[in-house]
A.B. asks: 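Just passing along the structure, written as structure tokens.
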Amino acid sequence: MKQTILKMEHLMDLQALSDFNLVATHGGIGRASRASGRSKATLSRKVAELEQNLGVRLIERGSQSLRLTEEGRALHERTCGPLDEIAEAREAVVLGASTPRGRLRVSIPVVIAHMAFGRIGARFALTYPDVQLEIVAEDRKVDPVEDDYDLVIRVDPAPDDRLVGRRFLNDERLIVAPTDLPRATSHSAAMGELAVRAVVLTTTPPDITWRLRANQGSDIFIKPEPVLRLSSLLMVRDAVLAGAGAAVLPKMLVADDVAAGRLVLWGPVSEPPVELWALQSSRRLVGAKVRAFLNVVEKSFPDRAFLPPA
């Protein structure tokens with residue numbers, strides 16, 4: 001068994017394997033050639049050499065396209081990640097881990113991306129022109145390795161041994177309301193739980209109670225009576241601005257509206273602050289481009305708490 005493994009390692013030409021993965025990733029030799037600058041003839045020859053050395057066909061070649069064989073898919077899935085890590089390690093050694101360059105993909109929740117990361121992305125792109133930054137705004141829970149992301153931003157992430165990173169921002173949830181909605185006060189809630197018309201997310205349980213933190217005295221308990229259930233915090237904010245009712249929303253989403261008088265701030269809810277984390281796969285090195293991006297993000301939130309943009 002050991003001799004077989006040593007023989008396979010001897011036969012596995014890393015450059016040929018890298019070229020095969022390049023072709024597999026781009027779905028064709030021509031597209032791989034355009035993306036990498038390597039000639040089509042070289043890529044084709046290297047893939048053929050790898051097939052010959054391994055004794056299996058990796059790619060079925062048609063007149064207009066190609067597809068991976070079962071063996072080709074298995075080899076691609078098992079080796080593309082480690083080869084990326086080898087490339088990152090080489091970059092860190094050759095460049096002294098000091099020159100950010102290459103592609104950087106980041107997944108960010110929709111609201112946070114829209115509120116802050118257009119400006120942050122522009123600042124990063126102007127500072128590091130050798131990095132091709134791609135920010136994807138999405139609310140699904142992505143896997144950095146399987147979905148090919150260098151970094152993911154998550155809100156209050158659960159512990160996960162596969163991910164490492166650091167917290168860069170605290171935010172709090174606020175109860176805000178249209179300017180014409182009577183404000184909840186200790187006096188108005190003196191007879192017990194106060195009911196107000198409200199806009200809530202579609203995932204909000206029907207028996208929810210908002211606990212408004214009071215500056216003095218006891219907290220105020222508010223029973224939201226939903227007039228609208230919406231699937232997006234952005235839609236919830238727009239509905240509150242249009243006068244539909246009160247809502248619980250992140251400070252970063254409504255700070256400008258409160259400052260401009262478009263919304264009335266009733267106060268923060270009595271619960272721990274929201275934490276935002278930047279995470280990456282624990283299997284990968286923290287490359288120069290990731291460190292540079294994190295530095296730009298942290299400088300945008302110097303006290304780790306949300307501040308309205310200047």
A.B. asks: What residues form a salt bridge (charged side-chain N to carboxylate O under 4.0 Å, His left out) with Arg73, not counting sequence neighbours?
C.D. replies: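 In terms of salt bridge (charged side-chain N to carboxylate O under 4.0 Å, His left out), with neighbours along the sequence ignored, Arg73 is linked to no residue.
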
A.B. asks: Any pair with a residue in residues 126-148 that passes ring-ring contact (aromatic ring centres under 6.0 Å, His included), sequence neighbours left out, goes on the list, sorted by first then second residue, please.
C.D. replies: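 Pairs touching residues 126-148 that pass the test: Phe124-Tyr128.
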
A.B. asks: Just to verify, what does Ala16 make a side-chain contact (heavy atoms from CB on, under 4.5 Å) with, not counting sequence neighbours?
C.D. replies: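 For Ala16 the side-chain contact (heavy atoms from CB on, under 4.5 Å) partners, ignoring immediate neighbours, are Asp13, Lys46, Leu50.
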
A.B. asks: Going by the rule side chain to side chain donor-acceptor pair (under 3.5 Å), which residues pair with Arg154 if we only count those two or more places apart in sequence or in a different chain?
C.D. replies: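 For Arg154, no residue satisfies side chain to side chain donor-acceptor pair (under 3.5 Å) once neighbours in sequence are set aside.
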
A.B. asks: Apply side-chain contact (heavy atoms from CB on, under 4.5 Å) to Lys299 and list each qualifying residue two or more places apart in sequence or on a separate chain.
C.D. replies: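 None.
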
A.B. asks: Which side-chain hydrogen bond (donor to acceptor under 3.5 Å, both in side chains) pairs, counting each pair once, include a residue from residues 225-249, with sequence neighbours left out?
C.D. replies: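 For residues 225-249: none.
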
A.B. asks: Apply side chain to side chain donor-acceptor pair (under 3.5 Å) to Glu275 and list each qualifying residue two or more places apart in sequence or on a separate chain.
C.D. replies: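 Scan of Glu275 (side chain to side chain donor-acceptor pair (under 3.5 Å), adjacent residues dropped) gives Trp277.
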
A.B. asks: Only counting residues at least two apart or in another chain, list the ones meeting side chain to side chain donor-acceptor pair (under 3.5 Å) with Arg140.
C.D. replies: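 For Arg140 the side chain to side chain donor-acceptor pair (under 3.5 Å) partners, ignoring immediate neighbours, are Glu138.
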
A.B. asks: With the threshold set at 4.0 Å, does a side-chain nitrogen-carboxylate oxygen contact exist between Glu298 and Arg166?
C.D. replies: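 A salt bridge links Glu298 with Arg166.
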
A.B. asks: Excluding sequence neighbours, so at least two apart, what forms side chain to side chain donor-acceptor pair (under 3.5 Å) with Arg197?
C.D. replies: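 Partners of Arg197 under the side chain to side chain donor-acceptor pair (under 3.5 Å) test: none.
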
A.B. asks: Not counting sequence neighbours, which residues clear salt bridge (charged side-chain N to carboxylate O under 4.0 Å, His left out) with Glu71? List them please.
C.D. replies: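 For Glu71, no residue satisfies salt bridge (charged side-chain N to carboxylate O under 4.0 Å, His left out) once neighbours in sequence are set aside.
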
A.B. asks: Sequence neighbours excluded, which residues qualify as salt bridge (charged side-chain N to carboxylate O under 4.0 Å, His left out) partners of Arg31?
C.D. replies: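 Arg31 satisfies salt bridge (charged side-chain N to carboxylate O under 4.0 Å, His left out) with no other residue.
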
A.B. asks: I need the full list of salt bridge (Lys or Arg N to Asp or Glu O under 4.0 Å) pairs touching residues 16-27, with sequence neighbours left out, sorted by first then second residue.
C.D. replies: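 Non-adjacent pairs meeting salt bridge (Lys or Arg N to Asp or Glu O under 4.0 Å): Asp19-Arg38.
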
